[in-house]
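Inspection log for the structure reproduced underneath, given as structure tokens.
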Amino acid sequence: MTLIISVGVLLAFALVIFCTVKWWNLPNIGVTPVPLFTFIAILFTSGLDVGLIMFPLAFDFPLYADVATEPAYGFTNPLALEFGFWGFLIWAFYFLTAFYFCVIEPRVKFFEIGIVKFINNLVIITTCAFTGALFLIYMPYYIAEVGDGESILPAFYIICFLVILIAAYSSTDIKYVRVLSVGSTFLFIALILGMWLHAGMGLGEFASTAGNIGGYFANIHKFVLPLTDYHEFYLFWWFAWSIMIGQFTSRFVGGLKTWQLLAALLIFPSIPLATWFSVLYFYHLNAIPTAGLVNWSMTIVGILFVINSFDSLIRLYTDNLNLSAERFGKLPYVLGNAIGLFALTLAFQSQWLQIQWVGTVVIGLYITCLGYILFYKRREVMSITTSPEENTLDFHRIDRVH
């Protein structure tokens with residue numbers, strides 16, 4: 001598996017460099033463009049989940065600090081490692097797929113080929129259910145105040161179903177994407193500020209803690225290929241999400257030139273990530289407890305991130321398969337998606353489905369798509385000079401789409 005992910009990562013970064021150089025100043029315009037802040041909010045909240053909120057403090061920092069058990073982490077500090085697993089360079093995957101679906105796919109139509117369309121939507125649905133299964137499995141750790149912190153209680157099944165139900169309902173109208181994403185972003189910022197104040201963290205202490213992130217940039221080359229099995233898992237997870245998140249967010253790109261789109265995806269999501277991880281790392285270093293209101297606040301924001309992720313994935317596969325609310329009616333659409341995904345979530349609860357398998361399929365789609373372009377669509381792709389003509393920079397179009 002290490003060879004597969006290494007090939008996939010190197011191919012993806014090579015394509016990022018090629019697309020950026022080839023189409024440096026090409027304006028990227030999606031079918032329903034939105035202003036930059038809204039676009040970044042949609043990208044940030046759709047492309048991340050509750051793991052961002054709960055994993056660092058509960059699992060990751062202690063793991064990265066234990067270099068006796070895992071010497072591979074010894075070259076830098078836990079904060080730099082956490083940022084490297086979630087931030088900056090890794091967002092180039094989303095740039096590549098967002099650019100492809102915004103500019104190239106309308107000319108190539110590779111993902112409209114029958115077998116490719118089937119595989120792509122199978123990846124979306126299984127990843128959606130896999131995400132739900134992880135949410136359910138780790139919920140006792142997220143909501144430690146309920147139960148014994150290990151067992152999955154009936155209440156957790158209810159919460160999981162309600163999360164999927166809300167996401168299915170919000171996916172019935174695209175206007176909810178903007179409200180949900182922007183609202184979740186502001187709540188995430190409020191969570192950061194609230195935990196900052198709760199920790200009694202001054203600006204000097206924040207600057208001192210955040211300075212540890214420099215360990216990532218000083219060793220950025222070491223994060224390209226897998227450091228450990230856990231890092232490999234993260235890379236496969238990013239690949240598993242990359243095509244569907246790029247396909248979903250590409251429709252909202254609002255006229256950024258290619259180099260600006262790359263810079264926006266590398267920098268803007270990394271700023272709140274760096275701030276968030278720095279605050280959490282301060283909690284870790286000083287053993288500050290999070291029980292009570294702090295933990296519940298983290299849980300609520302994490303659940304909102306899960307709803308955002310489910311919303312984008314449900315909207316994507318229902319659009320691809322023409323399973324719209326307009327076609328079947330809102331109630332059958334919402335209940336059908338909620339019940340179906342919850343059933344799959346329960347089926348995947350045993351974790352027999354490995355994200356590494358899904359990521360491998362996605363890497364296969366990357367390679368197949370590249371081969372298809374080289375053999376059949378090379379001339380059309382190399383002659384691209386603009387976004388599709390039907391895509392105009394109209395920020396009010398999203399208000400007219402449902």
Inset, instruction - Give a yes or no on this: more than 12 heavy atoms of other residues, nucleotides or ligands lie within 6.0 Å of atom CZ of Phe328. - result: yes
Inset, instruction - Determine whether the side chains of Ser242 and Tyr366 contain a donor N or O and an acceptor N or O closer than 3.5 Å. - result: yes
Legend entry - Trp276 ring center within less than 6.0 Å of Phe188 ring center: yes
Legend entry - is_close_aromatic(Phe55, Phe305), centroid dist under 6.0 Å: no
Inset, instruction - State, without any angle test, whether Gln260 and Asn28 hold a side-chain donor-acceptor pair at a distance under 3.5 Å. - result: no
Inset, instruction - Show your reasoning for whether side-chain hydrogen bond (donor to acceptor under 3.5 Å, both in side chains) applies to Thr228 and Tyr73. - result: CA-CA 8 Å; Thr228 61; Tyr73 297 137; 2.7 Å; yes
Inset, instruction - Look at the rings of Tyr283 and His198 and say which category their plane angle falls in: under 30° parallel, 30 to 60° tilted, over 60° perpendicular. - result: parallel
Inset, instruction - Might you point out which heavy atoms bring Ser270 and Leu266 nearest each other, and give the distance in Å? - result: OG-O, 2.6 Å
Inset, instruction - Grab the two heavy atoms, one from Phe239 and one from Ala12, that are nearest each other, plus how far apart they are. - result: CZ-CB, 4.0 Å
Legend entry - Output field: ring centroids Tyr372/Tyr376 closer than 6.0 Å: yes
Legend entry - Validation row, ring centre Phe88 to ring centre Phe83 under 6.0 Å: no
Inset, instruction - Check the pair Tyr281, Asn286 against side-chain hydrogen bond (donor to acceptor under 3.5 Å, both in side chains), reporting the backbone distance first and the verdict last. - result: CA-CA 8 Å; Tyr281 194 50; Asn286 294 277; over 6 Å; no
Legend entry - Centroid-centroid distance, Trp238 to Tyr94, less than 6.0 Å: yes
Legend entry - Heavy-atom pair with the smallest gap, counting every atom of Pro56 and Pro62: O-CD, 4.1 Å
Legend entry - is_close_aromatic(Phe161, Tyr157), centroid dist under 6.0 Å: no
Legend entry - Side-chain H-bond candidate by donor/acceptor type, Tyr333 with Ser171, under 3.5 Å: yes
Legend entry - salt_bridge(Arg315, Asp173) N-O dist < 4.0 Å: no
Legend entry - Stepwise side-chain contact (heavy atoms from CB on, under 4.5 Å) test for Leu335 and Leu165: CA-CA 7 Å; Leu335 290 179; Leu165 184 68; 4.3 Å; yes
Legend entry - Heavy atoms of other groups near Leu203 CG, more than 12 under 6.0 Å: no
Legend entry - Member of Ile307, Asp311, Val334 meeting the side-chain contact (heavy atoms from CB on, under 4.5 Å) criterion with Ile166: Ile307
Inset, instruction - Anything under 30° is parallel, anything over 60° is perpendicular, the rest tilted; go ahead and classify Phe111 against Phe101. - result: tilted
Inset, instruction - Would you indicate whether Arg107, at its atom CZ, is surrounded by more than 12 heavy atoms from other residues, nucleotides or ligands within a distance under 6.0 Å? - result: yes
Legend entry - Exercise: identify the closest heavy-atom pair between Leu273 and Gly87: CD1-CA, 3.9 Å
Legend entry - Nearest non-hydrogen partners of Ile314 and Thr318, listed with the distance: O-OG1, 2.6 Å
Inset, instruction - Taking the six-membered ring for Trp and the full ring for Phe, Tyr or His, determine whether the centres of Phe85 and Tyr234 are under 6.0 Å apart. - result: yes
Legend entry - Centroid separation Phe268 to Phe44 less than 6.0 Å: no
